[in-house]
Amino acid sequence: MKGDKELVSRISAMSDKYLAILGFEGVRPSIKLSGRVAAKWLGRCKPHSKTFDGETRRRAVVATTIEILRSVCSDERTLERVIAHEVVHHVQFLTQNRGGHGADFLDRAARINAVAGAGFVTVKCFEGDGYVLGPTHREFFVMVRFVAGQYQASWSPTVTDRVAAEIGFHVHKYGARVFTSTESWLTLATKLGASRTSFRASYFPALDRQEYLAKLYNEGRQVIGLDMARGKAA
Ligand SMILES: [Zn+2]
């Protein structure tokens, strides 16, 4: 995507800053922007192991890739916090061969927080909790229904046969309507087509979220002819 190179080098510079705070001088992580839309995780650190020759056949992590969700990158502080969290994992992997959020994670997080401020690195990075997500980099489908006084939603990046069948159920039973959206928080809703038996939708009780869904449901431009819309939204 346009501007990716510049963004990745900016993220690498951030990563260097936190590696320095942790006093780590080994290999740097590779940085990758995720193609995902779903906001279930904001960043992740994937270890790459190598088996060393010799009697023990010991496997050790020799490198990592830090993957960052694109919607994280539109808020500078959010991006920094997610990078700092993943850099802690990187150092864990390369010095101890493991990740996780145990005592060693907390120790390193505290070293960063002593510089960056209390609560900067948290054990979990998720929407809310001061983490701000921008729009997703591509549109996805969102189904909205009004049940028992609540606007409820579920979503899918694509419309497969299974997703279309489930939408059909919600439409017939609840008068559901289908739209496209780039609101990151909606990807935390139940995923369409995820289960054959329980066709559920998620309720977001916050007033602004109910208002967004109400407006979409009542005034939004519906996706019509789902058969034509198969594949990616937009
Ligand atoms: Zn983590």
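The backbone N or O of Gly134 lies less than 3.5 Å from a partner atom in the side chain of Ser184, making a donor-acceptor pair. Gln152 contributes no side-chain N or O that, together with a main-chain N or O of Arg145, makes up a donor-acceptor pair within less than 3.5 Å. Here the side chain of Arg44 pairs no donor or acceptor atom with the backbone of Glu67 at under 3.5 angstrom. Side-chain atoms of Asp75 do not come within 3.5 Å of backbone N or O of Leu133 as any donor-acceptor pair. Checking side-chain atoms of Arg162 against main-chain N and O of Gly193 turns up a donor-acceptor pair under 3.5 Å.
Note on Val27 and Tyr18: same hydrophobic cluster, where clusters join Ile, Leu, Val, Met, Phe, Trp and Tyr whose side-chain heavy atoms are under 4.5 Å apart, directly or indirectly. By the criterion of side-chain heavy atoms lying less than 4.5 angstrom apart, applied directly or through intervening Ile, Leu, Val, Met, Phe, Trp or Tyr residues, Ile66 is grouped together with Leu33 in one hydrophobic cluster. Criterion: ILVMFWY side-chain heavy atoms under 4.5 Å apart, direct or through other members. Under it, Val163 and Tyr174 are not part of a common hydrophobic cluster. Both Phe24 and Val82 sit in one connected hydrophobic cluster of ILVMFWY residues. Membership requires side-chain heavy atoms under 4.5 Å apart, directly or through other members. Under a hydrophobic clustering in which Ile, Leu, Val, Met, Phe, Trp and Tyr are joined whenever their side-chain heavy atoms come within less than 4.5 Å, directly or via other members, Val8 and Val87 fall into the same cluster.
Annotation: side chain of Val72 is not in contact with side chain of Ile83 (no heavy-atom distance under 4.5 Å). Side-chain atoms of Asp4 and Arg70, non-hydrogen and from C-beta on, do get closer than 4.5 Å to each other. Inter-residue side-chain proximity for Arg177 and Val144 is flagged as unmet; no heavy-atom pair is nearer than 4.5 Å. Residues Phe204 and Gln150 form no side-chain contact, since every pair of their non-hydrogen atoms from C-beta on lies 4.5 Å or further apart. Taking 4.5 Å as the limit, some side-chain heavy atom of Val123 sits within range of a side-chain heavy atom of Leu106. The closest side-chain heavy-atom distance from Met14 to Ile31 is not below 4.5 Å. At a threshold of 4.5 Å between non-hydrogen side-chain atoms, the residues Ser12 and Arg28 count as touching. Put simply, the side chain of Trp155 does not reach to within 4.5 Å of the side chain of Met143, judged on heavy atoms.
The two residues Ala60 and Arg58 come nearest to each other via the heavy atoms CB-NH1, 3.7 Å. Asp129 and Arg81 make their closest contact through O-NH1, 3.4 Å (heavy atoms, listed as atom of the first residue, atom of the second, distance). Annotation for Val37 and Phe140: closest pair CG1-CD2, 3.6 Å, computed over non-hydrogen atoms. Shortest non-hydrogen contact noted between Ser181 and Leu186 is OG-CD1, 3.6 Å. Nearest heavy-atom pair, Tyr217 versus Gly175, reported as atom, atom and distance to 0.1 Å: OH-O, 2.9 Å. In terms of heavy-atom proximity, Ser74 sits nearest to Pro135 at OG-CD, 4.5 Å.
Judged purely by distance below 3.5 Å, without hydrogens or angles, the side chains of His90 and Glu86 never pair a donor atom with an acceptor atom.
Aromatic ring orientation, Phe169 versus Phe199: perpendicular (interplanar angle above 60°, classes split at 30° and 60°).
Residue-environment remark: CZ (Arg200) stays at or below the threshold of 12 foreign heavy atoms within 6.0 Å.
Taken from CD1 in Ile11 to CD in Glu80, the straight-line distance is 10.5 Å, to the nearest 0.5 Å. Here the straight-line distance linking atom OG of Ser30 with atom NE2 of His48 works out to 6.0 Å at 0.5 Å rounding. Remark: Lys17 NZ to Ile112 CD1 distance equals 10.0 Å, nearest 0.5 Å. How far CG of Leu192 is from CZ of Phe141: 10.5 Å, rounded to the nearest 0.5 Å. To the nearest 0.5 Å, atoms CG (Leu7) and SG (Cys73) are separated by 4.5 Å. Here the straight-line distance linking atom OG1 of Thr180 with atom CZ of Arg138 works out to 12.5 Å at 0.5 Å rounding.
With respect to Asp104 and Arg98, a salt bridge is recorded, a charged nitrogen being found less than 4.0 Å from a carboxylate O. Residues Lys215 and Glu183 are not paired through a salt bridge, judged by the lack of any N-O separation under 4.0 Å between the basic side chain and the carboxylate.
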Candidate pair Val223 and Glu139, rule side-chain contact (heavy atoms from CB on, under 4.5 Å), full reasoning: CA-CA 12 Å; Val223 174; Glu139 290 192 305; over 6 Å; no
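Separation of the Phe105 and His85 ring centroids falls under the 6.0 Å cut-off.
The side-chain contact (heavy atoms from CB on, under 4.5 Å) test with Pro29 singles out one residue from Leu94, Leu19, Thr65, Val91, and that residue is Leu19.
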